[in-house]
Protein chains: 2
Amino acid sequence: MIGMNDDAVFRALADASRRQLLDRLYDQNGQTLGELCQGLEMTRQAVAKHLAILEEANLVSVQWQGREKLHFINPVPINHIAERWINKFERRQLSALSALKKALEGDSGQ
Amino acid sequence: MIGMNDDAVFRALADASRRQLLDRLYDQNGQTLGELCQGLEMTRQAVAKHLAILEEANLVSVQWQGREKLHFINPVPINHIAERWINKFERRQLSALSALKKALEGDSGQ
DNA sequence: TTGACATGCAACCAAATAGTTGCCTATAAG
DNA sequence: CTTATAGGCAACTATTTGGTTGCATGTCAA
């Protein structure tokens, strides 16, 4: 759990443009900066800044391919928050479910 | 789902002080402003502003009792986000669980 | 009624944020 | 080699944010 910074994740998720970028990456993973810019009412530099913030929060990882920078969504921090923060508030209703979930995860292997 | 504003919820959750206030309310629900201030390195007015933001995001509801304002945590918006945003990223692993969860919720009544 | 207590309201301030523009670097293609 | 393309870096700006101080209002208790 090294480099896991809840605060950075929450702050990254606080901006609608960044959530939109994550949505776009969810629809099609591995897009370049240029592709992610298309159709947005923002300069490329603004988008790049948002992506940098998502990268810093470890919500997006990148991979260079020649002069292109491919962006991949990373679900780990979101799951992490869901685990240790959000589930807290549904523990009462879902306590029974929690054990089952762990069991299923262990079963599916990843 | 009236008044349900994802953006306000995400922005409210982005601040560590506000998350701390939610944690405190989780530990003991129905605290007054004064109680919530104790031990925090902030003025009462600063805390009041944070609580107002949490109220506006519908994460906290209040109830006046004489001259005291009691604060109660409201888990609905957090569950909402978990449902339609966060679960998205764990759908693959948990798709089987989703139906069961709905079934359990329907079963328990609230 | 008077004083203490719980909270609200408003003005103000510093720092962070989201965005811009302009220019630089590196890779690919003709 | 030259040019177009993909992206990075830095300076600057306006707005939002988190916090402060000072004062006003409403409620309980003596």
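Residue numbers begin at 1 in each chain, while the letters A, B, ... track the order of the sequences.
Between B:Arg19 and B:Asp23, no side-chain nitrogen of the basic residue sits less than 4.0 Å from a carboxylate oxygen of the acidic one, so the salt-bridge criterion is not met. Salt-bridge annotation for A:Lys69 and A:Glu35: absent, with no side-chain N of the basic residue lying under 4.0 Å from a carboxylate O of the acidic one.
Atom CD of B:Glu56 and atom P of D:dG18 are 13 Å apart (whole Å). Atom CG in B:Leu40 sits about 15 Å away from atom P in D:dG18, given to the nearest Å. Computed from coordinates, the B:Glu68 CD to D:dA29 C1' distance equals 14 Å when rounded to whole Å. The distance between atom CG of B:Leu51 and atom P of C:dT7, rounded to the nearest whole Å, is 10 Å. To the nearest angstrom, C1' of D:dT16 lies 20 Å from CZ of B:Phe10. We find that CG of B:Leu13 is positioned 17 Å from C1' of D:dG18, with the value rounded to whole Å. B:Leu36 places its CG atom 12 Å from the P atom of C:dG8, with the value rounded to the nearest Å. One atom, CD of B:Gln63, and another, C1' of C:dT7, lie 16 Å apart when rounded to the nearest Å.
Among B:Leu51, B:Asn74, B:Ile78, the single residue meeting the side-chain contact (heavy atoms from CB on, under 4.5 Å) criterion with B:Leu59 is B:Ile78. The side-chain contact (heavy atoms from CB on, under 4.5 Å) with B:Ile73 is formed by just one residue from the set B:Leu25, B:Leu54, B:Asp27; it is B:Leu25. When each of A:Leu40, A:Asp15, A:Ile53 is tested with A:Leu21 by the rule side-chain contact (heavy atoms from CB on, under 4.5 Å), just one qualifies, namely A:Leu40.
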Practice item. Give the B/S/- string for nucleotides 17-30 of chain C, one per nucleotide from 5' to 3', where a protein heavy atom under 4.0 Å of the base yields B, of only the sugar-phosphate yields S, and otherwise -. Key: SSBBBB----BS--
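Scanning for salt bridge (charged side-chain N to carboxylate O under 4.0 Å, His left out) contacts around B:Lys49 gives an empty result, with sequence neighbours left out.
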